Amino acid sequence: MAEAQTKVARRLRAANGLLALRAALVGAEVMTGNPAYRSAGRAVQWAIDRLQDTE
């Protein structure tokens with residue numbers, strides 16, 4: 001039971017960190033206009049979605 005809660009908490013922390021990264025990428029894209037940041041943001045969003053699907 002405690003191990004399952006630990007795994008959920010770890011996934012949540014990882015997802016929160018990735019959300020911060022995603023926000024930074026959006027900001028960088030807006031500031032620079034470089035579409036590479038949009039592609040990177042999509043990859044990060046994909047990872048976030050996978051973490052949320054495992055819960």
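These numbers come from a predicted model, not from an experiment.
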Rounded to the nearest 0.5 Å, what separation is found between the CD atom of Glu3 and the CD atom of Gln5?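 Result: 11.0 Å between the selected atoms.
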Tell me, please, which residues at least two apart from Arg38 pass salt bridge (charged side-chain N to carboxylate O under 4.0 Å, His left out).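 With sequence neighbours excluded, Arg38 shows a salt bridge (charged side-chain N to carboxylate O under 4.0 Å, His left out) to Glu29, given in chain and number order.
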Which residue pairs satisfy the salt bridge (charged side-chain N to carboxylate O under 4.0 Å, His left out) criterion with at least one member in residues 39-48, sequence neighbours excluded? none
Cut-off 3.5 Å, no hydrogens considered: what does the side-chain donor-acceptor table look like for residues 13-27, sequence neighbours left out?
unit_1, atom_1, unit_2, atom_2, d
Asn16, ND2, Leu12, O, 3.4
Arg22, NE, Gly41, O, 3.4
Arg22, NE, Gln45, OE1, 3.4

